Every structure is written in structure tokens, then in C-alpha cells.
Amino acid sequence: AAFRIPDTIFNLLVAGALAPAFIPVFAGYLAKENEREAWRVASSFLNAMLIALIAFSAVMWVLAPVFVPLMVGEGYTAEQQRLMTELTRIMLLSPIFMGLSSLFTGILQSYRQFLSGATAPLVYNAVIILFAIFASPFLGIYALAWGVVAGAAMMWLVQIPELTFRRTRYTLSFDVAHAGVREIVRLAIPRSLGLIAVQVVLVVDTVLTSRMAPGSLNALVFAFQLVLLPLGVFSIAISAAIFPTLSRYASLGQEFRMRQALQQGIRWILFLTVPTAIVMIVLRRPIVHLLFQYGEFGPAQREAVAGAFLMYSLGLVGHALVQIISRAYYAMKDTQTPLALTLVSIGVNVMLAVTLAPSLGINGLALANAVATLVEAFLLFALLASRARLRLSGIGTSMLKVLSASLVMGIAMFLFIRATNVTVDLEQTKIGLLFQTLLAMGVGGVVYLAASRLFAIAELAELVAVTRARFRPPPAAEA
């Protein structure tokens, strides 16, 4: 809960501008071989963003005692609210470093360099874990707050070497009147408004869980974090990798290439996320047990997280499709349509949450999120299909094949875990449960690949071809 304000500042001032606005503009200049002007825009925007982040963080440091109680909802004592205020004030340093890191990532991605950008989040989490392990004995819970700050700083620092290799042309320019900077701001405003609206869902969920059993909010957060893991590995990674290419094709007016790249990205995301959702649904209880059930985390908490995890898993494909389809709109410099559909999704989410929470508890909140996300993904795709002239038959056929193969995989995994009692004996040793869970995943993976081959899924053939090309020995040199 203490991270809510720093995270909000970052999302509004950085994430809202970077994804939909900065990359299309910066990549557009690069596509037209105007690198000098691209760096003038990037430098001006970076300097303005840095000043804005420092100013907002300073203001929120002063107002934290007022906003923290409003954002965390009811159910917390005065002492708990005081502690969250102190933690919030420490973590208000993190948006500054995360802003620099995100902008560096956007610049590198525009150059089609993805290594350090992909490494940065791993470094961020690793630093937080190290602080939690080694600094907690000295700093207590404050170690986690300082870990967030140190992790954010390392996210930025690890990208500097790779950016330096790109012959960085950063300057101290502050040309906020530049056409490129104005275009970034124009495109960022709708996205930022959408992110502001998303906070309504977070506040509603926080308020509703504060009226439930103790630990409900934590269970909901843990379940959503589990969903974010495959989302980050597959969907966000693919979407981030393809976004500069979509922006380049859009800036050059190459509609056919953009359409082909987008359709390929959608098919790959379906190929990876649909079976992942099935795995999460079938193995939800052993996964939660392995990851969370330690110390005071007992069977009741496990079942609460597993139930919410199930509901969130139903919306994984929706979350994944929103990531890539919205980027197609951003590449075409349209941030208003995604905003409008985000507002529709938020409305659906809030109405369902308020309706389902009394009877289903946190499961109702998770289900509301899943349904709302699927609605948003459908509307984004439906409007883009005619606009970009997507081949609906090809995507639809691919979806049916992937779904069929995933269901076959799910049935095989279910039969396997029933036979080995993975879902029944959760009180066995962790090593035994880990072995059975990994074996179940292995069985599912083999069945999915076999079913994909049976259904002639094109992505499997592409994967095999790429793998063979990568490991094929180089041709012998001629004498």
C-alpha cells in the first residue's frame, strides 16, 4: 500500500508518456534518418521529465500524510498509516530513477537494442530481494523501501553502458516548444488520463478488501503478481520488441508490413499465453503453495490466493492482447481510442466488482478484472480489424487451433495431477511437491507441442525452423 503514491507518479508522468508517445516520435525521426533531431527531442523531453518528476515527488513528500490515508482505505490503525507514510516518503525517490530507466529503455528499443532493457527489471527485483535478506536485520521493514529506491537506481545504471555504445547525443537542451516534444505531450495526455482512471479500480479494490477478512488485499495482490509474471515474460516482452517496428512502419506509411508484423505478434502471443493460462488454472493450488506457504502463511491464505489466481488467470489472454493491440494504435499516433476503451473497461470493472464482492469476496474482484480486460481486448481488436485490414480468418483459425491444443494439454495435466494427487496432498514436503509440479508442467508441455504439431500450428513450425537455424553448424570454408 505504501508503494501506491510513488507508483502512481511514475505511471502518470513516465509510463503514460513513454509507451504511446515517446517511442513513435523518436523512432519516426530515426526512420527518416534524422538522428540529430531525434536526440534533440529526446534530450529536451528527458530534461523536462526529470524536472517534473523531482517536483512531483517533492510535493507528494509534503502531502504524503494527507494522501496515504485516502489511498489505502479503511482498516488501518493510526500507527500503520504513519508507518506507510514514512515508507512512501522514502520510495518517492524511486520514480525519478525509474523515469530515467524507462526513457533509456525506450531509446534503446527504438534502436532495436533490447538486452539491457530486458535485464533492468531483473536487476530491480534482485536488488530488492538482497535488501530484504541482508538489510532487514538492521533496517527492519524500511529495508524494503530503500531496496525499491536502490533497485530503481540500478535499473537506470545498468543501461548506461549499452546506450553509450549508441554514440549518445544527449544535450542539456530544454526546447519544450519543439514540434517533436509537443507531439509527445499531445499523445501522452490521453494515456495519462487513462492511467488516472485506472487508479479508480485500485482504490475501489482497496476499499472493498478493507471490509473483508484481514489479509484479503494481500491475497489479491499476490494473485495478481502471479499473473503478471507470464504476462511480463511473454506478452509485454513481445509487445515491447515489436513496438519500435510498428512505429517505424507507421511513420513510413508501410501499412502492409505493419499489418504483417502485428498479425504475427498477435499469433505468437496467443500461442504462448493461452496454454500458460491453462497451466495456471490447472496447477494454481500447488503453484501458490510452493511460492507463498511459508511461516504464518497458512492453508486459509493459500486457498484465498489460489481462488483469486484462478479468476485472474481467465483474463490473462485479454491482458496480453491489450498490450500488443494498444501498441498498434500508439504506433499510428492514436492514443484517444485506447483511452475511450480503457474507460469502458474501467466502468465494467467497477460495476462488476461492487456487484460480485459481497458474494464472492476477492474472487469477485479478480473475476471483475478478468471480464473487463477481455471486453477491452475485444473492443480494441474489433475496431482495429477494419482500420488495419487484419486477416480475421487467419487469426481466428490460429486462435481455434491454439485453444484446442491448450485444452488437450489441460486435460492431460489434470489427469496426471489427479493420478499423482498433486492437488490433494498439498501438505507433503516442498521438494516432493516441486518435483510433481514440474513433472506435470513437463507433461503438459510435451502434450501441447504434440497437439500443436497435430493441428499444424504455424508458430510451432516457425519455432522449429528458428531453432534449427540457430544450432546448425556453419558451412565449411572452401579450400
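None of these values were measured; they are calculated from a predicted model.
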*May I have the step-by-step check of side chain to side chain contact (heavy atoms under 4.5 Å, CB included) for L310 and L367, ending in yes or no?*
CA-CA 9 Å; L310 168 63; L367 180 59; over 6 Å; no
Tell me the closest heavy-atom pair linking [X] and [Y], and the distance in Å.
X: A385; Y: L392; value: CB-CD2, 3.6 Å
X: I23; Y: S110; value: CG2-OG, 3.9 Å
X: A366; Y: A308; value: CB-O, 3.5 Å
X: N363; Y: G307; value: OD1-C, 3.0 Å
X: S101; Y: A120; value: OG-CB, 4.4 Å
X: T206; Y: T209; value: O-OG1, 3.0 Å

*Q109 and Q113: CA distance, side-chain angles, deciding distance, side chain to side chain contact (heavy atoms under 4.5 Å, CB included) verdict*: CA-CA 5 Å; Q109 288 179 353; Q113 302 295 317; over 6 Å; no
Answer yes or no: is there a donor N or O on one side and an acceptor on the other, between the side chain of [X] and the main chain of [Y], under 3.5 Å?
X: D334; Y: Q336; result: yes
X: Q254; Y: A250; result: no
X: Q436; Y: T420; result: yes
X: S102; Y: G99; result: no
X: S247; Y: A331; result: no
X: N125; Y: P121; result: yes
X: R418; Y: L415; result: no
X: S345; Y: L341; result: no
X: Y329; Y: L380; result: yes
X: S136; Y: I133; result: no

*Can you sort out the partners of Q323 under side chain to side chain donor-acceptor pair (under 3.5 Å), two or more places apart, ordered by chain and number?*
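Listed in chain order: R327.
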_T245: which residues meet the side chain to side chain donor-acceptor pair (under 3.5 Å) condition with it, sequence neighbours left out?_
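For T245, no residue satisfies side chain to side chain donor-acceptor pair (under 3.5 Å) once neighbours in sequence are set aside.
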Quick one: side chains of residues 438-458, donor-acceptor pairs under 3.5 Å with protein atoms, not counting sequence neighbours, listed by atom name and distance.
{"unit_1": "Y448", "atom_1": "OH", "unit_2": "F271", "atom_2": "O", "d": "2.8"}
{"unit_1": "S452", "atom_1": "OG", "unit_2": "Y448", "atom_2": "O", "d": "2.7"}

*Does the pair M258 and R248 meet the rule for a side chain to side chain contact (heavy atoms under 4.5 Å, CB included), with working shown?*
CA-CA 9 Å; M258 179 180 174; R248 175 182 175 83; over 6 Å; no
Are [X] and [Y] side-chain neighbours, meaning at least one heavy-atom pair lies under 4.5 Å?
X: L115; Y: E162; answer: yes
X: H319; Y: S235; answer: no
X: V288; Y: F309; answer: yes
X: N369; Y: F224; answer: yes
X: V344; Y: E376; answer: no
X: M155; Y: F97; answer: no
X: F114; Y: L108; answer: no
X: F131; Y: V127; answer: yes

*Atom CZ of R257: over 12 foreign heavy atoms under 6.0 Å*: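 Count not over threshold, so no.
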*Check the surroundings of atom CZ in F414: do more than 12 heavy atoms from other residues, nucleotides or ligands lie under 6.0 Å from it?*
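Counting neighbours around CZ of F414, 12 or fewer heavy atoms of other residues, nucleotides or ligands fall under 6.0 Å, so no.
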Kindly compute the distance separating [atom1] ([X]) from [atom2] ([Y]), expressed to the nearest 0.5 Å.
X: R285; Y: L433; atom1: CZ; atom2: CG; result: 10.5 Å
X: I324; Y: I269; atom1: CD1; atom2: CD1; result: 4.0 Å
X: M332; Y: Y249; atom1: CE; atom2: OH; result: 15.5 Å
X: L384; Y: I266; atom1: CG; atom2: CD1; result: 7.0 Å
X: L365; Y: N349; atom1: CG; atom2: CG; result: 8.5 Å
X: L321; Y: F378; atom1: CG; atom2: CZ; result: 12.0 Å

_Going by the rule side-chain contact (heavy atoms from CB on, under 4.5 Å), which residues pair with T397 if we only count those two or more places apart in sequence or in a different chain?_
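Residues passing side-chain contact (heavy atoms from CB on, under 4.5 Å) with T397: K401.
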*Which of these passes side chain to side chain contact (heavy atoms under 4.5 Å, CB included) with L262: L246, I242, I395?*
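The option that passes is L246.
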_Which residues share a salt bridge (Lys or Arg N to Asp or Glu O under 4.0 Å) with R391, sequence neighbours left out_ =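 With neighbours one apart ignored, the set is empty.
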_Audit row: V221, Q225, side chain to side chain contact (heavy atoms under 4.5 Å, CB included) steps and yes/no_ = CA-CA 6 Å; V221 171; Q225 291 299 320; 4.2 Å; yes
*How would you list all residue pairs meeting side-chain hydrogen bond (donor to acceptor under 3.5 Å, both in side chains) that involve residues 142-158, not counting sequence neighbours?*
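As it turns out, the side-chain hydrogen bond (donor to acceptor under 3.5 Å, both in side chains) pairs with a partner in residues 142-158, which skip direct neighbours, are E86-Y142.
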